[in-house]
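Residue numbers begin at 1 in each chain, while the letters A, B, ... track the order of the sequences. Please read all numbers here as calculations on a predicted model, not as lab measurements. Both backbone and side-chain heavy atoms feed into the values below; hydrogens, waters and symmetry mates do not.
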Amino acid sequence: MEENLVIVESPAKAKTIEKFLGKGYTVKSSFGHIRDLSKKKLGVEIDNDFKPNYEVPEDKLKTVSELKKIAKKSKTIWLASDEDREGEAIAWHLFDTLELNEKSTKRIVFHEITKDAITNAIKNPRKIDYNLVNAQQARRILDRLVGFELSPLLWKKIKPSLSAGRVQSVAVRLIVEREREIIAFKAVSQYKVNGIFEFEDNKGKKYEVKADLQKAFTTKKDALAFLEKCKNSEFTISDIQVKPSIKSPAPPFTTSTLQQEASRKLGFSVLQTMTVAQKLYEAGFITYMRTDSVQLSELAIATSKNEIQEKYGKEYSKTRQFQTKSKGAQEAHEAIRPTYFSNSTVSASANEKKLYELIWKRAIASQMSDAVLEKTTISIKLSKSNEVFYINGEVIKFDGFLKVYLESTDDENEEQTASLLPPMRLNQKLNYISINADEKYNHHPARYTEASLVRKMEELGIGRPSTYAPTISTIIKREYVIKEDRQSKERTINCLTLNNNVIKDYQKKENYGYEKAKLFPTEIGIIVNDFLVDNFSNIIDFNFTASVEQEFDKIAEGETEWVKMLKNFYKKFHSKIEESTKNVEKSNIEKVLGIDPTTKKQVYVKFGKFGPYVQIGEKTETEKPKYASLKKSQYVETITLEEALELFTLPRNIGKFEENDVLSNIGRFGPYILHNKKFYSLKKGVDDPYSVKLERAIEIIEEKRKMETSGALKEFKEDTKLKIVKGRFGAYIKFNDLNYRIPSKTDWKDLTYDDVVAIIKTSPEKKTKKEVKETKSKSSKSNKSRKKK
DNA sequence: CAGTGAGCGAGCTTCCGCTTGACTT
């Protein structure tokens, strides 16, 4: 007969706790929830006070029967799931499903996984908190009702298999609304002026400094007039302001901030961050990675203090406890931190190592001193104008936490880095070397990345640490949203430069609008969103979650009865569903764009089963209209006649090669070149079938031929074992069966034998063959599951 | 490998949150 069975949610946690408790205690894991509402059916008896019908899902049967068996043999069962709404519900589901009895069952909670915390918890057991359980049931049932009544409505009114829910629909709405802001955005330009100045110190040493004019000019005329004034002006330092300032470290990571920083600093996707963090957690390197708390345990604060004092010195240590500010935080866990601060790194895969070091630095920095800075602003006065140039300088007097970590920002417009200034005196005279007035456009609001969407969701209190990554996957899988890169566009800007009292007026090309891994709404995402906003504005409201959360809190505190709350909500919601089912017409998007000048027929834009498309003429018994799909970047609401007509230019004959026509077109698998009955894929995001030139097409054809004949893009006579070959992610170097990356921004065509040898020499040490094989099998696996739809 | 867009109708789709494996190439 076993003495004690302790049940926690995670198996990794079970393992550590078992060590702390020692003999007499068996620690098992429930692997999260063990019961849920029926998968296929609604699972809620609406007319029977919303009675939920719970089922143990198939993949949990084994866990449940195993727990049941051990529970039967144990004297005391300790339900040690997390101390939040979901955790309490898990405890109750266990109690109910395992058919435990009240006398032998104890509910315990602990916030940190230390021996003290756990033995303390064992000493202070309590009963299951049914108010908290009911708050969870209300949450679960509400989500089910919303999801399972809204989704079928979409199947009827828009198209089958669509989905809607309290969380995902708001996430889509954020992306749709941001896109509309961007569509409505009109870029405005201004002339921003900066000058390079020169001066001498007492000893005759020369210095150069760059200064920015505070005022920007709206027209070229004004900018020109200002430069005219600069011509014979005197420049004098009129003011020097020195201000002390301090910078404080950011709190240690939560799930959301970890996802954001890993995205900005390491380029990880949200899912990738979670997968890597899970590995680190299972290996015992970090604490739990799904948390909304910024708090650290006493133990963590103490050990980090030791580590900092030893490594950096006493003056670098400043212990801090942060307060969680985010909406709806439940704080069942600690912040994400290394389990042992003495390990500043771990031996693991490259990505695990990178993420671990990020976590270590952030947590350590959070317990370090403020950085002390000195900010200097120098003003330069003109004798012939009232405008003022400024120079900003910053000196770090004491680096503090900056020694370890600096949080990055989402701001894409790189702010100029203030730096150390040369010795300057008040009233010092300066000479200009050049003064530039460049036309600068302002930027549209930034599109969401996965990580910035998570930040916004957290801000609104929508979703939980465990659902941020899956929610993004869902809205991408439903094709409401796509994540992709967009190439930059080019524009011409006007520039004025004053040099030796001569003003040069010229133009420059500038690239703008490049997007990397951003979230764009699709047409169907827009249609579904507009439908929901029109008919269910309360559900899709940004504050809906926050307001129902307040009601759940009241249930948890025993102030409100959960059935009453659901009745209240459902009455209004369901009548709206019925009303929309009856009164709202099936969505049928169709718009006339104008008349096609060549055929004189009407041009339509429509939405069909394969997405948005344009059509010339109507379908009649004798005539079949021409069809073409919209580009991913085009929308029904904004496409113009001109853009629509361009879509009909495919297939495009772009010239002759070896006496055969070369055609460009878009097919089932993307854009391609057709030549002599053979297909050549165009490079995604690089080649555009509407504008690709014959020269480039021939290059692509010859590249493929070369690969087919010799298996290599390029070979070297100096060494036959050395090749440049083409892989799934582009060209790479192959040497002695080992692969080497070609540095980004380098074109393989330009590589000489010596270059390649240099790349191989400077490349990090290669993996053994076995490891390469392992990663290969892993990537092909994930590749396959991605393809499976 | 390489564009689709008819119409009928059976049978199916769908939510959010808590946790990790287990199928094959």
Trainee: So A/Ser81, base contact, sugar-phosphate only, or nothing? Heavy-atom distance under 4.0 Å.
Mentor: nothing

Trainee: Looking at every strand, decide which applies to A/Gln168 at a 4.0 Å heavy-atom threshold: base, sugar-phosphate, or nothing.
Mentor: sugar-phosphate

Trainee: Contact class for A/Tyr281 (heavy atom, under 4.0 Å): base, sugar-phosphate, or nothing?
Mentor: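 Sugar-phosphate, backbone atoms only, no base.
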
Trainee: Reckon A/Arg464 touches a base, only the sugar-phosphate, or nothing at all at heavy-atom distances under 4.0 Å?
Mentor: sugar-phosphate

Trainee: Check whether any side-chain nitrogen or oxygen of A/Thr467 sits under 4.0 Å from OP1 or OP2 of B/dG17, and answer yes or no.
Mentor: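 Checking A/Thr467 against B/dG17: at least one side-chain N or O falls below 4.0 Å of OP1 or OP2.
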
Trainee: Pick base, sugar-phosphate or nothing for A/Gln278, based on heavy-atom distances below 4.0 Å to the nucleic acid.
Mentor: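 Since only primed, P, OP1 and OP2 atoms lie under 4.0 Å of A/Gln278, the category is sugar-phosphate.
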
Trainee: Strictly under 3.5 Å: I want the nitrogen or oxygen pairs between protein and nucleotides 9-13 of chain B, one per line.
Mentor:
residue: B/dT13; atom: OP1; partner: A/Lys40; partner atom: NZ; Å: 2.5
residue: B/dT13; atom: O2; partner: A/Ser161; partner atom: N; Å: 2.4
residue: B/dT13; atom: O2; partner: A/Ser161; partner atom: OG; Å: 3.2

Trainee: Extract from the structure each pairing of a protein N or O with an N or O of nucleotides 5-7 of chain B at less than 3.5 Å, listing the distance.
Mentor:
residue: B/dG5; atom: O6; partner: A/Ser629; partner atom: OG; Å: 3.1
residue: B/dG5; atom: N2; partner: A/Phe610; partner atom: N; Å: 3.0
residue: B/dG5; atom: N2; partner: A/Gly611; partner atom: N; Å: 3.3
residue: B/dG5; atom: N2; partner: A/Gly611; partner atom: O; Å: 2.8

Trainee: When you measure from the centre of the six-membered ring of A/Phe573, is the NZ or CZ of A/Lys576 closer than 6.0 Å and no more than 45° off the axis?
Mentor: no

Trainee: Among A/Asp292, A/Thr471, A/Asp84, A/Thr255, exactly one meets side-chain hydrogen bond (donor to acceptor under 3.5 Å, both in side chains) together with A/Arg464. Which residue is that?
Mentor: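 With A/Arg464 as partner, side-chain hydrogen bond (donor to acceptor under 3.5 Å, both in side chains) holds for just one option, A/Asp292.
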
Trainee: Using only heavy-atom distances, decide whether a donor-acceptor pair under 3.5 angstrom links the side-chain of A/Arg139 to the base of B/dC16.
Mentor: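 It does, because a donor-acceptor pair links the side chain of A/Arg139 to the base of B/dC16 below 3.5 Å.
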
Trainee: A quick test of your reading: do over 12 heavy atoms of other residues, nucleotides or ligands sit less than 6.0 Å from NZ of A/Lys15?
Mentor: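 No, NZ of A/Lys15 has 12 or fewer neighbouring heavy atoms, counting only those of other groups under 6.0 Å.
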
Trainee: Please tell me if A/Ser10 has a side-chain N or O lying less than 4.0 Å from either OP1 or OP2 of B/dT20.
Mentor: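 So the side chain of A/Ser10 is within the cut-off, an N or O lying under 4.0 Å from OP1 or OP2 of B/dT20.
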
Trainee: Taking any heavy-atom pair under 4.0 Å as a contact, classify A/Gly670: base, sugar-phosphate, or nothing.
Mentor: base

Trainee: Describe the nucleic acid contact of A/Ala164 in one word from base, sugar-phosphate, nothing, applying a heavy-atom distance below 4.0 Å.
Mentor: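 It contacts sugar-phosphate atoms only.
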
